Amino acid sequence: MMFYVYSGCRSKVLFSAFLLMATFVGIRGGYAQIDGNVERLSNGKFTLAFERTTGELQELTSVKDSASFLVDNIVSSGSPWEIIIDGVEKSSRIDAGAASNFSTSRTAAGLELTWAGFEGLPKDFRVTASIDLIPDSAMSVWRIRVDGTEGTLIRKVTFPRIAGLADLDEEELAVPDWMGSLLKSPREAMTPGGSGFGWEYPGHMSMQFISLYNPHGAGIYLASDDTLAHSKTFTLSKDTTGMLVYGVDNYPSYEKHLSSYEPPYAFLIGGFQGDWFTAAQLYKRWAEKQHWSRDSRLVNGKVPDWVQNTSYWVWNRGRAANVLPPAVALSERLDSRVSVLWHWWHGKSYDDSFPEYFPPRDGDEVFKAAVSKAQQQGINALVYMNALKWGPSTQSWVDEGAERFAAKDIDGNMLSHVYNIFTKKALTNMCEATDFWKQKYASLVDTAVNQYGLGGVYMDQICLNRRCYDPIHGHAIGGGNYWMQHVAQKDHLIRANFPKGGTQALAGEGVGENWLPHLDAFLALQVSKERYAGVHHWQTIPLFQAVYHEYGITFGNYSSLLTPPYDEKWPQDQAPDDTETPLDPEFNSQFLMEQARSFVWGMQPMIANYQPFLDTIRKDEIDFLERLAHVRQAGLDYFVFGEFLRSPSLDIPTENIAISRLSIYAGRSGNVTRFENEFPLVYASAWRSKEGNVAVALASISRADYEVDFEIDAEEYSIGSSGTIYLHDESGKRKLGAYGGKRSEIKFSLPPRGICFVEFVPASPTG
């Protein structure tokens with residue numbers, strides 16, 4: 001059984017729903033009736049209507065909110081599906097309008113729609129969609145089956161497809177693009193007939209839902225309930241008529257002998273009231289019951305203690321002398337555990353020579369000695385190893401015949417990309433489903449851990465998925481869920497080589513629900529998105545943390561007070577003169593903003609390109625780090641193991657601050673691109689510990705006092721009718737007062753650049 005509880009602090013209790021995963025036999029979730037020229041399906045909460053002769057979608061309405069999610073008189077095709085079929089010379093597209101036969105039948109919970117009679121296709125080719133309503137909720141469940149496919153090559157099946165989505169006014173689009181992204185007025189960012197937006201799951205799309213809503217009104221929730229990580233693409237675009245179209249591209253195995261295709265998962269479409277956090281809670285009620293949540297390494301106590309207790313990460317690059325001693329110095333300054341993310345440690349150049357990592361550029365003996373000494377001083381290092389790429393320009397590519405095991409696109413071409421702007425040499429995606437690549441990578445990690453004594457490996461690009469169409473690899477061709485199956489196998493191979501009783505860790509780039517059982521920590525750099533992407537309309541939001549914070553550790557930051565370094569292995573004639581020199585002080589507020597976000601979003605914070613001389617020339621900023629580390633360590637029950645809650649309403653001041661955009665690599669000229677934009681000066685969040693206590697975290701980057709003034713609703717936050725309030729800041733913990741009754745007002749003054757959390761501890765039942 002799949003259990004959804006739809007709730008949110010803003011809207012109290014919105015609605016509840018129960019979804020049976022297998023069948024809906026015996027459950028009448030709605031009723032179907034003929035109404036004029038449409039077949040209507042309604043349960044009093046949600047209504048859908050399909051045109052009687054074609055099956056095109058005509059109505060999508062949340063009854064309670066009187067919200068119609070489709071425009072009147074849809075100009076474009078309302079076909080709820082599209083299929084792309086590849087022929088000998090060209091591809092063809094079919095949809096509901098191409099069928100000469102259409103019929104409907106009623107089921108226990110909804111409607112079954114069937115299309116048949118397609119010109120040029122086998123006579124038994126047919127498409128069947130079932131649309132069910134969940135009892136007593138504004139949520140519908142969609143499934144599709146395509147029969148009679150033998151002899152055809154299906155490139156993709158787009159289902160569900162919702163054309164003509166109505167403008168909800170003040171629209172916001174929330175998407176789990178890795179950590180999470182929010183776009184206001186999304187229609188303005190799309191061109192009619194253009195490609196629009198697409199999000200690959202599993203991969204950059206870390207969870208299976210998007211939401212389009214008016215934060216003061218109704219919204220539409222669009223999701224799938226795939227428990228086995230099949231490859232799919234969620235899309236949102238404008239068609240040539242300017243209508244907004246939602247769709248999910250599903251990928252059958254690209255084989256002619258298959259007689260049918262039926263995704264083993266369903267899709268959900270429904271209405272809600274609230275915002276991105278509300279949508280996250282809708283998803284969370286299902287997500288926390290899935291195997292990746294039950295099997296998460298953090299939940300099961302498998303994440304090494306040193307990872308859980310890391311106070312700060314240092315992301316430095318190059319030889320050991322530039323990486324480990326600065327981390328030791330920061331650890332002494334903070335008087336807490338510091339860990340290292342280490343790039344450019346390997347013997348050859350970055351971003352073109354992978355996977356030829358060994359020997360380290362320091363040489364074996366110097367490298368081993370430096371790693372051992374740092375560990376004795378409490379510093380563990382994760383070294384960079386790309387989990388997906390091999391450089392075709394390397395000698396090992398030729399010697400080991402790596403091309404055979406590279407992922408191929410639908411035309412049989414390798415998936416290659418040039419990342420290195422200095423050498424122009426490409427990297428190629430390897431196929432995770434090949435034993436060759438899994439064993440190759442596992443052997444590299446084995447060497448790093450057992451020969452060089454490292455604390456673990458940072459697996460760059462691990463939280464990605466590739467569809468491979470190479471028929472000799474032994475997996476389903478193109479679509480399917482083989483990728484995550486083989487990620488799990490690779491994880492097992494790697495960890496089988498770890499020393500018994502050891503504390504080695506694996507971290508990965510990005511976040512993703514399917515990787516929770518396999519990674520100890522997730523590098524989430526979107527907290528610093530402005531620094532690598534500049535200022536634009538997409539805003540980073542902690543969407544993944546709102547669903548999965550207590551299931552996985554997120555860490556990382558691109559936050560730096562220095563210009564980037566330059567790899568000594570790259571062409572020296574392109575090296576700029578100002579590597580690792582102080583950035584203009586006008587960008588200090590940006591640095592503080594990134595650190596404040598990390599704190600309130602429940603991440604382990606990081607500083608990139610740290611050197612001890614910053615303690616003097618950027619004293620205020622490093623002092624901020626020190627205070628943040630101390631406050632955060634006092635609240636690990638919240639910031640590592642706690643559940644992300646909606647922050648109480650606060651009046652937050654804003655200010656224009658200068659933003660620097662500069663690649664993690666020093667560009668040819670080393671120039672900084674400057675932006676300026678309005679940002680909050682105070683950042684806030686709320687958390688619930690496993691013991692049931694609640695904390696409100698606050699971090700100010702303002703130069704002025706901030707008068708904290710908010711109300712806490714005891715019922716909303718489930719903290720009982722009375723209890724004690726404590727304030728945790730750089731001075732320690734002290735009693736702030738008590739709360740009682742339904743609502744309590746909290747007031748105090750937060751000093752300039754203050755960091756704290758306010759803790760609400762319910763009174764014990766006996767006292």
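Values in this document were obtained by computation on a predicted structure and should not be read as measured data.
In this structure, E432 and K438 have side chains that are in contact, with non-hydrogen atoms separated by less than 4.5 Å. Side-chain contact between Y610 and Y312 is absent, with no heavy-atom pair separated by less than 4.5 Å. Using a 4.5 Å cut-off on side-chain heavy atoms (C-beta onward), W601 and M179 make contact. Looking at Q504 and R495, their side chains never come closer than 4.5 Å, going by heavy atoms from C-beta outward. For the pair L645/R688, a side-chain contact is recorded, criterion being any heavy-atom separation below 4.5 Å from C-beta on. Taking the side chain as every heavy atom from C-beta outward, K184 and Q539 approach each other to under 4.5 Å. Two residues are said to be in side-chain contact when any heavy atoms from C-beta on lie closer than 4.5 Å; E643 and Y551 fail this criterion. Using a 4.5 Å cut-off on side-chain heavy atoms (C-beta onward), I607 and F591 make contact.
Judged by distance alone, with hydrogens and angles left aside, the side-chain atoms of S206 form a donor-acceptor pair with the main-chain N or O of W178 at under 3.5 Å. Side-chain atoms of R597 come within 3.5 Å of backbone N or O of V527 as a donor-acceptor pair. At least one donor-acceptor pair closer than 3.5 Å links the side chain of N429 to the backbone N or O of L415. Within the 3.5 Å criterion, the main-chain N or O of N609 finds no donor-acceptor partner in the side chain of E580. With hydrogens and angles ignored, the 3.5 Å screen pairs a side-chain donor or acceptor of W342 with a backbone N or O of G318. Under the 3.5 Å distance criterion, the side-chain polar atoms of R317 are left unmatched by any main-chain donor or acceptor of P564. For Q604 (side chain) and V307 (main-chain N/O), a donor-acceptor pair under 3.5 Å exists by modelled atom type. Between the side chain of Y283 and the backbone N or O of Q208 there is at least one donor-acceptor pair closer than 3.5 Å.
Using modelled atom types and a 3.5 Å distance limit, the side chains of S528 and N557 yield a donor-acceptor pair. A donor atom on one side chain and an acceptor atom on the other are found under 3.5 Å apart for T278 and D275. In this model, a donor atom of one side chain and an acceptor atom of the other lie less than 3.5 Å apart for E513 and Y548. A side-chain donor-acceptor contact under 3.5 Å links E356 and S396. W276 and E172 share no donor-acceptor pair across their side chains, judged by distance under 3.5 Å alone. With hydrogens and angles left out, the side-chain atoms of Y482 and S231 include no donor and acceptor closer than 3.5 Å. Using modelled atom types and a 3.5 Å distance limit, the side chains of R337 and N309 yield no donor-acceptor pair.
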Hey, mind stepping through F197 and W538 against side-chain contact (heavy atoms from CB on, under 4.5 Å) and telling me if it holds?
CA-CA 12 Å; F197 303 119; W538 283 102; 3.9 Å; yes
Verdict with reasoning, F679 to E530, per side-chain contact (heavy atoms from CB on, under 4.5 Å)
CA-CA 11 Å; F679 292 94; E530 294 86 0; 3.6 Å; yes
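Across every non-hydrogen atom of I494 and V445, the tightest pair is CG2-CG1, 3.6 Å. Shown here for I701 and A596, the closest heavy-atom pair between the two residues is CG2-CB, 4.1 Å. Summarising the geometry of A629 relative to S336, their closest heavy-atom pair is CB-OG, 4.4 Å, with the distance given to 0.1 Å.
Legend: residues meeting ring-ring contact (aromatic ring centres under 6.0 Å, His included) with F644, ordered by chain and number and at least two apart, are W687. With sequence neighbours left out, the ring-ring contact (aromatic ring centres under 6.0 Å, His included) criterion links F436 to W390, F405. Partners of Y384 by ring-ring contact (aromatic ring centres under 6.0 Å, His included), not counting sequence neighbours, listed by chain and number: H343, Y350, F354, Y458. For S660, the side chain to side chain donor-acceptor pair (under 3.5 Å) test picks out Q590, with sequence neighbours left out. Under the ring-ring contact (aromatic ring centres under 6.0 Å, His included) criterion, H230 pairs with Y265, not counting sequence neighbours. In this structure, the side chain to side chain donor-acceptor pair (under 3.5 Å) partners of K284, at least two apart in sequence or on a different chain, are E550.
Here the two rings, on F209 and W199, have centers that are 6.0 Å apart or farther. A centroid separation of less than 6.0 Å is found between the aromatic rings of F599 and F639.
Ring pair W286/W292 is perpendicular by interplanar angle, where above 60° counts as perpendicular and below 30° as parallel. Ring planes of H346 and Y357: perpendicular class, angle over 60° (limits at 30 and 60°).
Sparse packing is recorded around NE2 of H492, with 12 or fewer heavy atoms of other residues, nucleotides or ligands lying under 6.0 Å away. For H537, the NE2 atom sits in a loose shell: 12 or fewer heavy atoms of surrounding residues, nucleotides or ligands are nearer than 6.0 Å.
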